[in-house]
Amino acid sequence: MKIPFTKMHGLGNNYIYIDLFHTELPEDRLSELAVKMSNQNTGIGSDGMILIHPAETADVGMRIFNKDGSEGMNCGNGLRCTAKYAYETGIVKKSEFTIQTKANIVQAIVHKNSGQEVEKVTIDMGEPILQREQIPMLGEAGTTVIDEPFPVADTTLQVTAVSMGNPHVITVVDAIDEAPLTTLGPIIEKDERFPEGVNTEFIEIVSDEEIHFRVWERGSGVTEACGTGACAAVVAATLNDKVTKGKQIVVHLAGGDLMIEWKEDGHIWMTGGAETIASGIFNA
Ligand SMILES: N[C@@H](CCC[C@H](N)C(=O)O)C(=O)O
């Protein structure tokens, strides 16, 4: 099978994008294809695979598969790249449009340069989910998880759990470069208290409008950036009284910066870059 693809990234979080408006893929091979394409030695090399597809109730649809073949519900960096692709290829002809994910339908606004290329994208990511059982995280139903002790390995973290359609657990640390990302990230990802696994983020508060951020992603490991994670991190920082709701927060990720605002109406807005790396044919 020969599959046309485009490799794109948002702040270094890179995926292989397949345009299902013009290509067909068998549903029973999607997981296997994501693993194959993501392999750096025998594939293209990526954090996973994203499908851009026709949607019934939105202008365009998006599905995300992690590097290990598991399907995620949402992907912030993927949404910005999908918006850029859909606009630049003419799938959508307006600069404000909707994208459907497995989690929800979001609003995208593309920002172009003088050459009509999309440089940045703003997404209204909707409202965060804080109810424990909806994250999902084990424990007393109907409660939230804010600055809760979380014993793991030989330490106890203070964690806040947030779903952006996909699960995130956030810990505030004093120094981001010393965060136990690669030691605790893989353990927390598979911890039984998170029945569907979890994306693990560490943040350092710089000021009430600036934070540093690092992520261990469920299904992909360390990545340069995570859009849903950055939104969840701003929610966690707000709930822990570290930043102010209604203010634009600069999130410094390993691959660059995102501007995130948790607005007074409860919606989270994310603005950041989206870039095309290469296009080609994958021999599956
Ligand atoms: N990198 C993404 C999130 C991708 C999915 C995640 N690993 C999951 O399984 O929930 C982002 O930019 O949000």
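Start at 1 with the first residue, then count along the sequence. Both counts, for ligands and for their atoms, begin at 1 and track the order of listing.
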So which heavy atom in the protein is nearest atom 3 (C) of ligand 1, and how far is it from that ligand atom? E217 OE1, 3.5 Å
Starting from atom 2 (C) of ligand 1, which protein heavy atom do you reach first, and at what distance in Å? C75 SG, 3.2 Å
Taking heavy atoms and a distance under 4.0 Å, where does N74 meet ligand 1: side chain, backbone, both or neither? backbone
Under 4.0 Å from any heavy atom of N77, which atoms of ligand 1 are there? 11 (C), 12 (O)
Is the shortest distance from a heavy atom of G78 to ligand 1 less than 4.0 Å? no
Would T223 count as a contact residue for ligand 1, given that I'm defining contact as a non-hydrogen atom of the residue lying under 4.0 Å from a ligand atom? no
Looking only at protein heavy atoms, which one is nearest to atom 13 (O) of ligand 1, and how far off is it? T228 OG1, 2.6 Å
As an exercise, identify every atom of ligand 1 less than 4.0 angstrom from a heavy atom of Y15. 1 (N), 2 (C), 4 (C)
If we only count heavy atoms from C-beta on, is the I123 to M270 side-chain gap below 4.5 Å? yes
Is there side-chain contact between C81 and I50, with heavy atoms separated by less than 4.5 Å? no
Heavy atom to atom 11 (C) of ligand 1, shortest distance: which of G72, C81, G76 holds it? G76
Option passing side-chain contact (heavy atoms from CB on, under 4.5 Å) with S46 (candidates N13, N14, I277): N14
Kindly say whether D147 contributes a backbone atom to a donor-acceptor pair with the side chain of T160 at under 3.5 angstrom? yes
Hey, quick one: are V106 and V162 part of the same hydrophobic cluster, counting side-chain heavy atoms closer than 4.5 Å, chains of contacts allowed? yes
Do the side chain of S70 and the main chain of N66 share a donor and acceptor less than 3.5 angstrom apart? no
Is there at least one pair of N or O atoms, one from G227 and one from ligand 1, spaced under 3.5 Å apart? yes
Establish whether V169 and V172 are linked, either directly or via other cluster members, by ILVMFWY side-chain heavy-atom contacts under 4.5 Å. no
Side chain, backbone, both or neither: which applies to N199 and ligand 1 if a contact is any heavy-atom pair less than 4.0 Å apart? side chain
Joint cluster assignment, F202 & I249, ILVMFWY side-chain distance < 4.5 Å: no
